[in-house]
Amino acid sequence: MTEFHSKIKTIQWIDNYSKMVDQTLLPYEFKYINITHGKQMFDAIKNMIVRGAPAIGVAGAHGVVLYALELEKENLSRDEFVKKLIDKADYMATSRPTAVNLMWAVEKQKEVIKNSESDIKGIVEELKQNAIKLEDEDIAINKKIGDYGAEIVPKGAVILTHCNAGALATVGYGTALGVVRSAFANDPTVQVFADETRPRQQGARITTFELTMDGIPTTLITDGMCSYFMKKGIIDMVVVGADRIAANGDTANKIGTYTVAISAKYHNIPFYVAAPLSTIDKSIKTGDEIVIEERSHDEVTHINGKLICAPDVNVINPGFDVTPHELITGIITEKGILRPDYNKSIAEVFAK
Ligand code: MRU
């Protein structure tokens, strides 16, 4: 059987446009849309048509190519083209603030622009090739994360995850769900408990969708239930993704992750983060420096367009929280599993 995840690419560069799964429609409809302009890509990232840290990194890289294609038509000098394109790339990097993969991938495209010795047409071509390279690397990296992670999954484990760090949060295979996929391939008795993940319900809408499509046994729980199942001894380990990891290991991930980590610590359950090295932001010492995205209040006050609370109640909606490094058992990367002291293990992995 070919699994669902290996038949799809969440985001892919095709000739002169970007093709992506519209994740706002899941789980009702699995539909691809084409993004043909830079501003359209900016909005697709901002409005979470594409979401998940590695996927929005690749989307940002595609966005730079789309802006390059637009500027190519403007009859600019090479210098003007480069200057305007760098400005557009910087703008693309502001489409969402927390996941560092976006800034990382845009930076990779800026390096291509700055280092190129080609004419405008040549720069555009180099940007396309670099975007495709980032796509291919993403899948290869996730498979390595999956294989390192699978080594520490006990036989028959029940793995709790929060939000969606799967094939649909990346180009393919997934980070946290990459670990699940590799573990399940070795041991079909592995199963998942998926937190619903309010307010946008990525766990319910996206994680349960992609895992059940791959035949991986999955149980959906609401966010408040995790301690209950941990106390009952049902959860063997937690594996989540990450949007940004500071040099000391503090990890920003979807709001609610911190609560899961505290509960895991209390119940003596290992809590792992699975992420590519591009999610590690060595420029920040601790998680206090991570900008937390503040999202629309409608995400909290409404479900499927329907008001679920008093219309004039006060609302606050941070999209992410930061799990302190002392709650994290290990960080599963494509270069192996990093262990505390993270200041040391992170510095070492980058020095290699
Ligand atoms: O707001 P989103 O859906 O883009 O946030 C994604 C997450 O926070 C995921 O949990 C994730 O771990 C990062 S993507 C692998």
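In this chain, residues are counted from 1 in sequence order. Numbering of ligands and ligand atoms starts at 1, following listing order.
- Crowding of K110 atom NZ: a count of heavy atoms from other residues, nucleotides or ligands under 6.0 Å exceeding 12.
- Among all protein heavy atoms, the one lying closest to atom 12 (O) of ligand 1 is N253 OD1, 2.6 Å.
- When heavy-atom distances to ligand 1 are checked against a 4.0 Å cut-off, K254 comes that close through both its backbone and its side chain.
- Using a 4.0 Å cut-off between heavy atoms, T257 makes no contact with ligand 1 at all.
- Protein heavy atom nearest atom 14 (S) of ligand 1, with residue, atom name and distance: A53 N, 3.0 Å.
- The shortest heavy-atom contact between D243 and T279 is C-CG2, 3.5 Å.
- Scanning both residues, I49 and I33, for their nearest heavy atoms gives CG2-CD1, 3.6 Å.
- For atom 8 (O) of ligand 1, the closest non-hydrogen atom on the protein side is D243 OD1, 2.6 Å.
- Within a 6.0 Å sphere centred on OH of Y266, heavy atoms belonging to other residues, nucleotides or ligands number 12 at most.
- At most 12 heavy atoms of other shown residues, nucleotides or ligands fall within 6.0 angstrom of atom OH in Y228.
- Atom 6 (C) of ligand 1 has R51 NH2, 3.6 Å as its closest protein atom, hydrogens excluded (heavy atom only).
- At a heavy-atom cutoff of 4.0 Å, ligand 1 is contacted by no atom of A99, backbone or side chain.
- Under the 4.5 Å side-chain criterion, counting only non-hydrogen atoms from C-beta, I284 is in contact with R244.
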